Amino acid sequence: MSEHGYFDRDIAEHYDESSADMFAGHMVDPVVDFLVERSRGGRVLEFGIGTGRIALPLARRCVDVAGIDLSMPMIGQLTNKHGGEAIEVVMGDFATTRVDGSFSLVYLVFNTIMNLTTQAEQVRCFLNAADHLESDGAFVVEVTVPDLRRLPPGESHVVFRADDAGWGIDEYDVANQGLISHHVDRTKGDVGQVSMRFATCGRPSST
């Protein structure tokens with residue numbers, strides 16, 4: 001894993017394309033509506049802002065958005081988009097990095113909390129959110145429910161994607177509440193592979 005986490009330049013350049021279904025209106029609009037309502041007209045902060053899938057539509061709804069992200073290439077993709085240069089983004093680990101000011105809403109979407117693979121990191125993330133929030137603010141976390149029912153007895157791998165563009169396999173470590181998500185993509189004749197470690201729940205710290 002690079003200094004930018006799993007999202008280095010190669011991943012960032014193709015991120016929107018490889019996650020195109022998550023950028024569709026029927027996936028984005030309900031999330032934005034939900035967050036606008038809970039922002040109550042105040043300033044909002046996204047942990048793991050990425051390329052701006054949610055932040056940019058929020059900004060177009062006249063919401064004052066700021067963000068934190070570990071990956072400079074992902075931040076670069078955001079700032080190169082129309083309106084992206086107006087969004088304040090601080091580079092760093094969203095479990096500990098501070099942004100100036102206070103917020104009515106802090107949010108984490110698209111399973112980003114799973115990038116924190118120990119319980120201690122997740123606790124720090126919640127404390128960091130609390131430190132940013134106004135006294136009556138809210139912290140919103142969107143996260144998937146692990147698809148453990150698809151695991152045959154004694155097996156640990158679930159195929160979640162298999163098409164002409166590539167395939168994906170989640171490798172579950174049930175005892176330790178974690179998984180490794182393996183992605184193989186074929187773009188313009190090239191084959192790229194990345195394996196990303198995630199927590200499926202509050203995984204105990206080894207320290």
Side-chain angles (χ1 to χ4, degrees), residues 1-12 15 19 22 31 35 38 43-55 65-78 87-134 137-148 151 156-158 160 168-183 194-207:
M1 186 166 59
S2 76
E3 61 181 315
H4 306 293
Y6 295 115
F7 301 97
D8 59 16
R9 186 182 66 180
D10 290 341
I11 296 295
Y15 181 81
S19 304
M22 294 302 298
V31 176
L35 295 175
R38 277 147 189 82
R43 192 172 177 225
V44 307
L45 174 64
E46 179 169 0
F47 284 178
I49 194 169
T51 66
R53 183 180 72 95
I54 299 300
V65 187
I68 298 171
D69 205 281
L70 182 63
S71 169
M72 183 55 73
M74 294 287 275
I75 295 171
Q77 293 294 314
L78 166 60
I87 295 177
E88 177 187 2
V89 183
V90 176
M91 183 177 174
D93 178 354
F94 59 73
T96 57
T97 301
R98 287 283 305 169
V99 177
D100 290 340
S102 59
F103 299 83
S104 64
L105 175 70
V106 176
Y107 67 94
L108 264 166
V109 294
F110 200 14
N111 307 320
T112 305
I113 189 70
M114 294 170 64
N115 286 280
L116 304 177
T117 57
T118 70
Q119 187 178 73
E121 289 174 322
Q122 292 183 4
V123 168
R124 285 195 293 270
C125 173
F126 273 72
L127 291 173
N128 196 29
D131 286 343
H132 282 93
L133 286 170
E134 299 167 355
F139 183 31
V140 171
V141 178
E142 177 193 37
V143 65
T144 188
V145 176
D147 208 359
L148 298 177
L151 279 177
S156 59
H157 293 72
V158 171
F160 62 86
I169 303 171
D170 281 340
E171 178 184 355
Y172 283 91
D173 182 354
V174 178
N176 291 305
Q177 300 178 357
L179 68 84
I180 301 174
S181 191
H182 305 281
H183 299 254
V194 63
S195 295
M196 298 177 281
R197 185 175 299 276
F198 298 108
T200 59
C201 193
R203 188 177 176 189
S205 173
S206 59
T207 57

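Source: prediction; values computed, not measured. Hydrogens, waters and symmetry mates are skipped; everything else that's a heavy atom, side chains included, is used.
- Inter-residue side-chain proximity for Met91 and Ile75 is flagged as met; some heavy-atom pair is nearer than 4.5 Å.
- A distance-only check finds a donor-acceptor pair linking the side chain of Glu121 to the backbone of Thr118 [under 3.5 Å].
- Contact between Phe94 and Gly48 at its shortest, heavy atoms only, is CD2-N, 3.7 Å.
- Contact between Asn128 and Ala95 at its shortest, heavy atoms only, is CB-O, 3.4 Å.
- Side-chain contact between Val109 and Arg53: present, with at least one pair of heavy atoms (C-beta onward) separated by less than 4.5 Å.
- The backbone N or O of Asp131 sits less than 3.5 Å from a side-chain atom of Arg98, completing a donor-acceptor pair.
- Between Val90 and Thr97, the shortest heavy-atom distance links the atoms CG1-CG2, 3.6 Å.
- Shown here for Ser195 and Ile180, the closest heavy-atom pair between the two residues is CB-CG2, 3.9 Å.
- The structure places CD1 of Ile49 at 5.0 Å from CD1 of Ile87, a figure rounded to the nearest 0.5 Å.
- Ring geometry for Phe139 against Phe126 counts as perpendicular: the plane angle is over 60°, on a 0 to 90° scale with 30° as the lower cut.
- Distance CZ/Phe47 to CG/Leu116: 9.5 Å, rounded to 0.5 Å.
- Phe110 is not listed as a side-chain neighbour of Val31, based on a closest heavy-atom distance of 4.5 Å or more.
- Here Ser104 contributes atom OG and Arg38 contributes atom CZ; the two are 12.0 Å apart, rounded to the nearest 0.5 Å.
- We find the CG-CG distance between Leu78 and Asp69 to be 8.5 Å, quoted to the nearest 0.5 Å.
- Distance check, rounded to the nearest 0.5 Å: CE of Met72 to CD of Gln77 gives 12.5 Å.
- Note on ring orientation: taking the six-membered ring where Trp is involved, the planes of His182 and His157 are parallel (angle under 30°, cut-offs 30° and 60°).
- Residues Tyr172 and Val158 have side chains in contact (heavy-atom distance under 4.5 Å, counting atoms from C-beta outward).
- Closest approach of Ile54 to Glu46, counting heavy atoms only: CB-OE1, 4.3 Å.
- Contact check for Met114 versus Leu179: side-chain heavy atoms found under the 4.5 Å cut-off.
- Between Val44 and Val106 the shortest side-chain heavy-atom distance does not fall below 4.5 Å.
- Side-chain contact annotation: Asn111 with Thr144, donor-acceptor N/O pair under 3.5 Å absent.
- At distances below 3.5 Å, not a single donor-acceptor pair connects side-chain atoms of Thr112 with backbone N or O atoms of Leu108.
- With respect to Arg43 and Glu88, a salt bridge is recorded, a charged nitrogen being found less than 4.0 Å from a carboxylate O.
- Atoms CG and CZ, from Leu133 and Phe103 in turn, are 9.0 Å apart once rounded to the nearest 0.5 Å.
- A heavy-atom distance below 4.5 Å is found between the side chains of Ile68 and Leu45.
- Side-chain contact between Tyr15 and Pro73: absent, with no pair of heavy atoms (C-beta onward) separated by less than 4.5 Å.
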